[in-house]
Amino acid sequence: MSLSRRPSAPAAAAPQPTATRVGDSRAMYGRLMLAFTVGFVGHVAAIVAYTVTATSGLPDGEQGLATGLSTLTQQVALTVGIPVMSAVAAAAPTLLSGIRLALLVDGAVTLLGALAVHRGLREPSGASLPR
């Protein structure tokens, strides 16, 4: 499989290197499954932590609203994020470089979001939390 969008005839006929570093043997499937499993567990743990944080400390009557709002933000992020990252990936000259660029942009946006949350959650100077 060629990683370029417009392969020339000789390039399409030549053997292509694998797109990832997992290898091209049957052993690659084990490494891929391990990576997918670790990613899945981390993703699920993050979603559970996010939902628990959004709903903890609220009265029972408001927890449903908080859950709905947190789920809404996830759905909006997916609805907007996938097309944006696809557009970023499509702007690159090859498929692999596009995927790498989209992942870098996604990581940068995530880091900026985390920094904004951290800055917003900092305790104001001179203030203390109620006990």
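Values reported hereafter were calculated over all heavy atoms of this structure, with side chains retained and with hydrogens, waters and symmetry mates removed.
When the side chains of ILVMFWY residues are joined at heavy-atom separations under 4.5 Å, either directly or via intervening members, V109 and L115 end up in two distinct hydrophobic clusters. Side-chain heavy atoms closer than 4.5 Å link hydrophobic residues (I, L, V, M, F, W, Y) into clusters, and following such links, possibly through other members, connects L72 to V80. In the hydrophobic clustering of ILVMFWY residues, with side-chain heavy atoms under 4.5 Å counting as a link, L101 and V84 come out together.
Distance check, rounded to the nearest 0.5 Å: OG1 of T37 to CG of L32 gives 10.5 Å. Annotation: the span from I99 atom CD1 to M85 atom CE amounts to 13.0 Å, rounded to 0.5 Å. From R31, atom CZ reaches atom CG of L34 across 10.0 Å, with rounding to the nearest 0.5 Å. Put simply, CG on L95 and CZ on R100 are 10.5 Å apart, with the number rounded to the nearest 0.5 Å. Rounding to the nearest 0.5 Å gives a distance of 11.5 Å between CG of L65 and OG1 of T55.
The side chain to side chain contact (heavy atoms under 4.5 Å, CB included) test applied to L58 returns E62, Q63, A66, not counting sequence neighbours. Evaluation of the side chain to side chain donor-acceptor pair (under 3.5 Å) rule for T67 yields no partner, not counting sequence neighbours.
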Please tabulate, for side-chain N and O atoms in residues 42-53, each donor-acceptor pair with protein atoms closer than 3.5 Å (sequence neighbours left out).
residue	atom	partner	partner atom	Å
Y50	OH	T73	OG1	2.6
T51	OG1	I47	O	3.0
T53	OG1	A49	O	2.7

